[in-house]
Amino acid sequence: MSSLKIAIQKSGRLNEKSVELLKNCGLTFENYKSSLISSVSNFPLEILFLRDDDIPEYVQDGIADLGIVGENVISETGVNVHFLQRLGFGKCTLKIAIPNESELVQINDLEGRAIATSYPNILKKYLSDNQINATIRTISGSVEISPGLGLSDAICDIVSTGGTLKSNGLKPFADVMSSEAILIGKNGIEEEEAVKELMQRIQSVLKAKETKYVVLNVKRENLQIIVDLLPGVKSPTVVPLAEEGWVAVHTAIQERDFWEKINKLKAAGAQGIVVMPIEKIIM
Ligand code: ATP
Ligand code: ZN
């Protein structure tokens, strides 16, 4: 079979995490900044390094079989591609923001106003869903300076921490869409064996990221309380310690309820708690 091609961002906010994800999947390749294409030596895959804006169309047209790109870019380009997997990085929100001193109060107040954005299609749909008539001014960069220049009453742009808004005297006004990096494929590619294999590897890497490996010591008389607190991968492994009456418990804990669980375990008599990252979980 000929190699699959996956398109990832050449440089920018998604590049590093995309490369890291593929490497964590056990793929070996050179990450030359200067080249457009890199071959994976231990998997039938070639990596294309592109501008993120070009990725959806390359995948739709089959020039690449797979791509990693922000949902915001997919929505904006309106391409017909297959959504394979959310990847949990590149999280951000497309927001409407207004100057701090603006008199606008609710989203209907945008009626008849001008909004600057690099996402005219997403904004157009949002405005029509909310039955607002406003002028969309499409600009390709530095959208946040446009109200200060008198070009618009509001902007619609990507926000992650809000620092850029603040430093330009703007405040969030409405959320338009939330986004994260996503793996897309050309329609039908999900049936290919190599794609299924790659997806399985990606899912095991993502699953491992959500989980921590925990080892703790506890007196045997308190073991049952600890076990009840720990619905692990299946059930915890319990190993006797050299010291009479003590055991070590090995288990996995979900990252999201980590602190709550750890505090309950301590309260139940757990000692010497060691927490380790997990590389992969194969289900
Ligand atoms: P390219 O040169 O590839 O066109 P770009 O400048 O358009 O890059 P980046 O700024 O690198 O794009 O952002 C890539 C993606 O990262 C965005 O489309 C979005 O999905 C995501 N992202 C996450 N946080 C942010 C943020 N604070 N600002 C912009 N994009 C963000
Ligand atoms: Zn771009």
Side-chain angles (χ1 to χ4, degrees), residues 5-24 31-38 46-61 63-64 66-98 115-126 136-148 152 154-185 202 206 209:
K5 292 190 183 67
I6 185 167
I8 67 173
Q9 194 187 23
K10 184 173 172 64
S11 65
R13 289 188 158 91
L14 301 182
N15 166 268
E16 206 173 299
K17 290 274 176 62
S18 303
V19 168
E20 183 187 302
L21 175 66
L22 296 177
K23 295 225 153 146
N24 286 341
N31 184 22
Y32 289 129
K33 284 278 173 211
S34 56
S35 66
L36 179 70
I37 189 159
S38 184
E46 285 178 311
I47 302 171
L48 308 181
F49 297 94
L50 302 172
R51 295 252 346 243
D52 69 341
D53 315 69
D54 296 334
I55 292 175
E57 275 165 30
Y58 270 56
V59 173
Q60 173 179 257
D61 300 345
I63 296 163
L66 301 168
I68 295 178
V69 67
E71 281 172 285
N72 53 314
V73 178
I74 303 169
S75 297
E76 182 59 28
T77 46
V79 288
N80 177 14
V81 293
H82 194 80
F83 278 44
L84 289 165
Q85 179 74 47
R86 290 179 177 281
L87 299 174
F89 61 87
K91 288 190 178 169
C92 56
T93 311
L94 193 61
K95 290 189 192 218
I96 295 178
I98 55 175
I115 310 170
T117 189
S118 314
Y119 294 92
N121 294 323
I122 297 174
L123 178 59
K124 193 170 162 195
K125 176 161 189 312
Y126 175 84
I136 298 173
R137 297 210 196 289
T138 306
I139 43 185
S140 59
S142 304
V143 170
E144 62 283 352
I145 63 170
S146 88
S152 68
I155 66 163
C156 173
D157 203 6
I158 288 197
V159 177
S160 52
T161 61
T164 310
L165 289 186
K166 228 181 209 152
S167 59
N168 285 282
L170 301 169
K171 60 184 178 186
F173 188 57
D175 286 0
V176 174
M177 99 172 260
S178 56
S179 173
E180 67 185 89
I182 184 163
L183 178 72
I184 54 170
I202 289 175
L206 295 177
K209 259 214 183 97

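The first residue in the sequence is number 1, and the count goes up from there. Order of listing sets the numbers, starting from 1, for every ligand and every atom in it. Keep in mind that this is a model prediction, so the values were computed, not measured.
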Query raised in the report: What distance separates Leu36 CG from Leu50 CG, expressed to the nearest 0.5 Å?
Result: 6.0 Å
Report summary line: The atom of Asp53 among N, O or S that is nearest the Zn ion (ligand 2) is OD1
**Report entry** Atom indices of ligand 1 within 4.0 angstrom of Gly70 heavy atoms, with elements
**Finding:** 20 (O)
Query raised in the report: Which protein non-hydrogen atom lies closest to atom 27 (N) of ligand 1, naming both residue and atom, and how far is it?
Result: Ser160 OG, 2.7 Å
Report summary line: The closest protein heavy-atom partner of atom 6 (O) of ligand 1 is Gln9 NE2, 4.9 Å
Query - Side-chain donor or acceptor of Thr93 paired with backbone N/O of Lys95 under 3.5 Å - result: no
Query - Nearest-neighbour protein heavy atom for atom 7 (O) of ligand 1, which is reported as residue plus atom name and distance - result: Asp52 OD1, 3.2 Å
Report task. Could you tell me which N, O or S atom of Asp52 is nearest to the Zn ion (ligand 2)? Result -> OD1
Report task. Only one of Val79, Asp61, Val81 passes side chain to side chain contact (heavy atoms under 4.5 Å, CB included) with Pro56; say which it is. Result -> Val79
Query raised in the report: Tell me: protein heavy atom nearest atom 2 (O) of ligand 1, and distance?
Result: Arg51 NE, 3.3 Å
Query - Nearest non-hydrogen protein atom, atom 24 (N) of ligand 1 - result: Cys92 CB, 3.6 Å
Report summary line: Logged contact type for Arg13 with ligand 1, heavy-atom cut-off 4.0 Å, is both
Query raised in the report: Counting N and O atoms only, with roles assigned by atom type, does the side chain of Glu144 sit under 3.5 Å from a partner on the main chain of Leu165, one being a donor and the other an acceptor?
Result: no
Query raised in the report: Can you name the one residue among Leu14, Asn15, Leu22 that meets side chain to side chain contact (heavy atoms under 4.5 Å, CB included) with Ser18?
Result: Leu14
Query raised in the report: Taking only heavy atoms of Val73, which atoms of ligand 1 are found under 4.0 Å from at least one of them?
Result: 18 (O)
Report summary line: closest protein heavy atom to atom 20 (O) of ligand 1 is Asn72 OD1, 2.7 Å
Requested in this report: Please identify which atoms of ligand 1 are closer than 4.0 Å to at least one heavy atom of Gly12.
Outcome: 11 (O)
**Report entry** Gly90: numbered ligand 1 atoms lying under 4.0 Å from its heavy atoms
**Finding:** 21 (C), 23 (C)
Query raised in the report: Which heavy-atom pair separates Asn168 from Thr164 by the least distance, and what is that distance?
Result: ND2-O, 2.8 Å
Query raised in the report: So, does Ser179 use its side chain to make a donor-acceptor pair with the main chain of Glu71 at under 3.5 Å?
Result: yes
Query raised in the report: Hey, which atoms in ligand 1 end up nearer than 4.0 Å to a heavy atom of Leu14?
Result: 15 (C), 16 (O)
Query raised in the report: For Ile122, does its backbone N or O pair with a side-chain atom of Glu76 as donor and acceptor, under 3.5 Å?
Result: yes
